[in-house]
There are 2 protein chains.
Amino acid sequence: MIQLKSAREKKITPEMKIVASYENLSPEYIREGIARGRIVILQNKLRKTSLSKLGKYGKKKFQPVGIGKGLRTKVNANIGTSSDSGNLGDEKEKLRVAVKMGADTVMDLSTGRNLKEIRKMILKKSPVPLGTVPIYQAARRSMEKGQGIKDMKAEDMFNVIEEQAKEGVDFMTLHCGVTQSVLNILEKNKRLMGMVSRGGTFLANWILFNKCENPLYEKFNQILEIARTYDITLSLGDGLRPGCLMDSFDAAQVAELSILGDLAGRAREKNVQVIIEGPGHVPLNQIEASILLEKNLCQETPFYVLGPLVTDIAPGYDHITSAIGGAIAASHGADFLCYVTPSEHLSLPQVKDVEEGVIASRIAAHAADIVKGVKNSLDWDIKMAKARRALDWKAQEKLSINPDTFRKKFMVESSLNKRKKEKEKACTMCGEFCVLKLQ
Amino acid sequence: MIQLKSAREKKITPEMKIVASYENLSPEYIREGIARGRIVILQNKLRKTSLSKLGKYGKKKFQPVGIGKGLRTKVNANIGTSSDSGNLGDEKEKLRVAVKMGADTVMDLSTGRNLKEIRKMILKKSPVPLGTVPIYQAARRSMEKGQGIKDMKAEDMFNVIEEQAKEGVDFMTLHCGVTQSVLNILEKNKRLMGMVSRGGTFLANWILFNKCENPLYEKFNQILEIARTYDITLSLGDGLRPGCLMDSFDAAQVAELSILGDLAGRAREKNVQVIIEGPGHVPLNQIEASILLEKNLCQETPFYVLGPLVTDIAPGYDHITSAIGGAIAASHGADFLCYVTPSEHLSLPQVKDVEEGVIASRIAAHAADIVKGVKNSLDWDIKMAKARRALDWKAQEKLSINPDTFRKKFMVESSLNKRKKEKEKACTMCGEFCVLKLQ
């Protein structure tokens with residue numbers, strides 16, 4: 001049984017129960033959300049059978065993750081190699097840190113030589129769902145045959161999708177909305193940065209060279225067939241996402257979004273779960289409208305946003321530009337935040353970047369959940385406030401989003417001060433003028 | 001001549017011209033804004049005469065700074081010692097880094113033994129305006145006499161204000177709104193964290209012990225006399241700012257804000273420039289309302305906010321929780337952001353914390369300026385987008401908010417990759433699949 005079909009038949013699956021219990025909601029709420037297309041559960045069907053026999057993935061067992069209306073805003077961490085950088089050991093460590101810091105899912109964006117090896121490692125080790133962008137592997141394979149991206153056959157793309165589905169990938173980014181009509185609109189409405197989605201650009205190059213429609217659009221039913229078989233959630237990619245503030249919310253972006261809304265409906269007709277991907281670089285005052293438009297054009301399909309980055313001028317700090325945008329986006333209804341790390345625009349993320357990226361996105365997601373009314377969200381803040389009021393540093397450390405950082409910052413000074421802090425229960429910020437001691 | 005009086009007499013001062021030129025606006029726009037109380041210029045009158053004879057402050061000469069409607073959102077960095085931590089050398093380095101990273105003002109929040117020495121150093125070295133919280137020095141002095149805060153005389157407070165005014169301090173935080181009536185409201189409407197403003201708490205303790213009205217409220221005219229003499233901008237402190245999300249926007253906070261609006265009007269009647277301080281810990285969906293309320297209750301007096309922090313659970317990352325809140329606040333009209341560093345709630349900031357705090361606040365301010373329509377704001381982003389499109393890494397570095405960080409992150413990998421990056425003009429994120437090379 002697959003989730004959407006079960007939900008429509010009013011059957012509650014074990015995965016719905018797991019998600020409901022995690023979210024502190026009723027299984028019926030989850031079921032209804034899935035039936036209406038407002039909630040998805042990320043889990044390849046094979047995870048339940050053959051794959052689950054592999055036993056423990058890393059230390060924790062694999063857990064299905066729910067995304068959508070009324071649920072906690074989720075955070076994805078992108079890991080993976082490029083042709084220039086990264087190796088199996090590094091990626092293993094990035095996976096470990098991403099999960100430890102609280103990423104709800106990971107995506108393997110490898111485009112390097114060891115692409116398949118990395119994916120298999122993640123599938124084996126990761127307790128959280130795995131997403132991929134299959135066109136990367138198709139492009140890599142084409143390159144290794146000494147050919148260009150434009151030389152791929154449509155079947156090469158579908159073969160990779162099926163190959164990855166059989167391995168157990170839980171969700172896939174497919175740029176089905178990069179159509180000839182959308183590229184025509186792009187051509188007529190020039191952009192400063194053009195296309196910046198990697199998968200989208202691969203397909204655009206292919207379409208323009210081969211003078212054919214995007215196979216992922218034209219043969220969408222073939223994708224649905226695979227997705228339904230393995231209960232893979234489609235993440236309809238935004239190939240036209242803006243690469244700078246100036247390009248935001250333009251005709252090409254909106255035309256693609258409209259197509260994605262249409263495809264999302266078609267997917268659900270075939271009992272395939274679907275989410276929509278969104279921008280990107282977005283001025284702060286366009287974020288709310290971007291979210292509302294997606295919710296309207298796509299019948300409330302869960303929205304998965306990258307950032308958004310609210311300014312272009314802060315490379316090295318794009319986890320912060322994205323935390324600003326992500327918090328605003330999620331507060332207006334975005335369901336799933338793709339992290340952006342401090343190394344965005346500069347280099348492949350290192351382990352420390354993964355850590356900072358996940359934490360920044362989790363802060364954004366949590367700040368939004370409080371005002372979205374996600375169940376029990378504010379409780380965490382109340383507990384922290386009480387621990388602060390009581391000057392209970394041990395409890396504060398335990399409650400903080402990253403206790404390791406808390407400890408380092410609290411104990412930043414000399415050992416004399418450390419002892420003093422512990423004894424006097426005050427931090428060095430105010431010393432003897434601590435307001436909580438004056439109250 | 002002082003700024004507000006000049007503005008009302010339709011005279012354009014040299015400072016108005018400096019501010020206008022920096023903001024790319026007409027001197028008349030600045031003058032009118034000052035006359036209406038929507039803009040202030042931070043500069044002690046003595047800076048022009050005796051103090052300016054000291055010549056260069058650090059490397060750059062002292063510059064007056066404008067804050068308010070239509071102007072670039074400004075960023076303040078708090079530095080200074082506590083009784084437990086910090087020394088003259090550290091504070092000198094924090095000042096240097098704060099200014100280098102682009103802080104528009106600094107506040108000396110020292111409460112340690114060397115308080116006066118630190119302030120004199122900053123006045124001598126700083127090219128940006130200096131703010132203080134005089135009650136800290138009064139409290140310190142009382143302590144050094146072996147007395148408590150409650151034992152201060154009202155005159156001790158005014159003496160410190162005058163002493164600091166004569167030294168050249170440009171703006172002062174005074175918690176004039178912590179009145180007996182406000183404390184009664186607080187008493188009736190219990191909070192989780194009580195008061196967390198240090199200056200506010202000192203005064204509350206004094207008021208409750210002495211059973212007298214707050215001298216800074218009762219003898220507000222005496223403050224106005226000093227402020228007018230030296231053209232000091234009053235920063236009316238929010239002693240009742242919430243210390244956790246749960247306490248936000250409550251009766252005591254709003255009662256104090258209403259009093260501050262009244263005092264702001266009285267200050268302007270006497271030709272004293274004034275700004276209002278604001279929270280604090282604020283849920284994301286209350287920020288807009290907080291700003292609108294201040295603008296209404298205080299006749300558009302420039303609003304100076306601390307953060308706001310949109311969640312309590314991220315000690316160690318409160319520069320990020322504040323960047324989220326600050327960007328939203330500024331986009332709705334906050335004029336001046338007080339930075340929050342990663343060490344907030346944990347320890348006195350170190351030099352690196354000052355750097356990260358200033359950058360995070362500047363990102364928030366800039367993201368807001370773009371959508372506030374501050375003149376030429378978006379140009380910076382457009383230049384960066386063009387440099388990205390051209391794969392011009394040198395130009396990107398120069399345009400980035402912190403070129404040192406850009407360089408470190410761009411050159412993070414092996415020297416082989418460095419050479420490759422320079423030669424191929426691509427970063428290791430996508431390597432051979434760089435979309436900008438595929439376009």
Side-chain angles (χ1 to χ4, degrees), chain A residues 82-85 111 192-194 196 198 201 205 244-246 283-285 310-317 320-321 323-324 327 331 343 346-348 350 359-360 363 366-367 370-371 380-382 384-385 389 400-402 405-406 409-410 412-413 417 427-433 435 438-439, chain B residues 82-85 111 192-194 196 198 201 205 244-246 283-285 310-317 320-321 323-324 327 331 343 346-348 350 359-360 363 366-367 370-371 380-382 384-385 389 400-402 405-406 409-410 412-413 417 427-433 435 438-439:
Chain A
S82 73
S83 56
D84 282 0
S85 184
T111 54
L192 210 158
M193 291 285 290
V196 297
R198 222 166 12 171
T201 306
N205 280 3
C244 65
L245 296 192
M246 273 301 280
L284 199 147
N285 63 350
V310 292
T311 172
D312 305 332
I313 54 88
Y317 303 90
I320 298 180
T321 64
I324 296 171
S331 76
S343 79
L346 295 172
S347 54
L348 197 77
Q350 310 287 299
I359 294 290
I363 289 170
H366 178 71
I370 292 165
V371 305
W380 187 4
D381 297 70
I382 293 173
M384 177 63 88
R389 181 68 192 84
S400 67
I401 195 161
N402 189 354
T405 299
F406 183 101
K409 287 273 169 202
F410 183 58
V412 74
E413 299 176 69
N417 272 326
C427 89
T428 53
M429 182 118 183
C430 304
E432 62 201 357
F433 289 129
V435 289
L438 287 171
Q439 282 187 13
Chain B
S82 72
S83 56
D84 281 0
S85 182
T111 54
L192 210 157
M193 292 283 291
V196 296
R198 223 165 12 172
T201 306
N205 279 4
C244 65
L245 297 192
M246 273 301 280
L284 200 146
N285 63 350
V310 292
T311 172
D312 304 333
I313 54 88
Y317 302 91
I320 298 180
T321 64
I324 296 170
S331 75
S343 79
L346 296 172
S347 55
L348 197 77
Q350 310 287 299
I359 294 289
I363 289 170
H366 178 70
I370 292 166
V371 304
W380 186 4
D381 297 71
I382 293 173
M384 177 62 89
R389 181 68 192 85
S400 67
I401 195 160
N402 189 354
T405 299
F406 183 101
K409 287 272 169 203
F410 183 57
V412 74
E413 299 176 69
N417 272 327
C427 89
T428 51
M429 181 118 183
C430 305
E432 61 200 357
F433 289 129
V435 289
L438 286 172
Q439 280 187 13

Notebook entry, point to check: Counting heavy-atom pairs under 4.5 Å to chain A, which of Ala327(B), Pro315(B), Cys244(B) comes out on top?
Noted result: Pro315(B)
Item checked: Interface residue of largest heavy-atom contact number with chain A, from Ile401(B), Ile320(B), Ile359(B), Val371(B), under 4.5 Å -> Val371(B)
Checklist line | Residue part contacting chain B, namely of Thr111(A), when any heavy atom lies under 4.5 Å | finding: both
Notebook entry, point to check: Under the side chain to side chain donor-acceptor pair (under 3.5 Å) test, which residues partner Thr405(A), sequence neighbours left out?
Noted result: Asn402(A), Tyr317(B)
Margin query: Heavy-atom pairs under 4.5 Å with chain B - which of Ala323(A), Pro283(A), Ala360(A) has more of them than the others?
Written below: Ala323(A)
Notebook entry, point to check: Of all of Ser400(A), Gly316(A), Ala385(A), Ala367(A), which one pairs up most often with chain B through heavy atoms under 4.5 Å apart?
Noted result: Ala385(A)
Item checked: Under 4.5 Å from a heavy atom of chain B, the part of Leu245(A) involved -> side chain
Check: Hey, which of Ile370(A), Val310(A), Ile363(A) has the most heavy atom pairs under 4.5 Å with chain B?
Finding: Ile363(A)
Item checked: Qualifying residues under side chain to side chain donor-acceptor pair (under 3.5 Å), relative to Ser343(B), sequence neighbours excluded -> Thr341(B)
Next item on the list: Report the distance from atom CD1 of Ile313(A) to atom CG of Asp381(B), rounding to the nearest 0.5 Å.
Entry: 6.0 Å
Next item on the list: Please flag which part of Met246(A) lies under 4.5 Å from any non-hydrogen atom of chain B: side chain, backbone, both or neither.
Entry: side chain
Notebook entry, point to check: Heavy-atom distance under 4.5 Å to chain B: side chain of Asn285(A), backbone, both or neither?
Noted result: both
Item checked: Value rounded to 0.5 Å, distance of NE2 in His366(B) from CG in Asp312(A) -> 8.0 Å
Notebook entry, point to check: Highest number of heavy-atom pairs under 4.5 Å with chain B: which of Thr321(A), Ile382(A), Asn205(A), Leu192(A)?
Noted result: Leu192(A)
Note to self: Tell me the closest heavy-atom pair linking Phe410(A) and Leu346(B), and the distance in Å.
What the structure shows: CD1-O, 3.4 Å
Note to self: Between Ser331(B) and chain A, with a heavy-atom cut-off of 4.5 Å, which part of the residue counts as in contact: side chain, backbone, both or neither?
What the structure shows: side chain
Margin query: Less than 4.5 Å to any heavy atom of chain B: does that hold for the side chain of Thr311(A), its backbone, both, or neither?
Written below: both
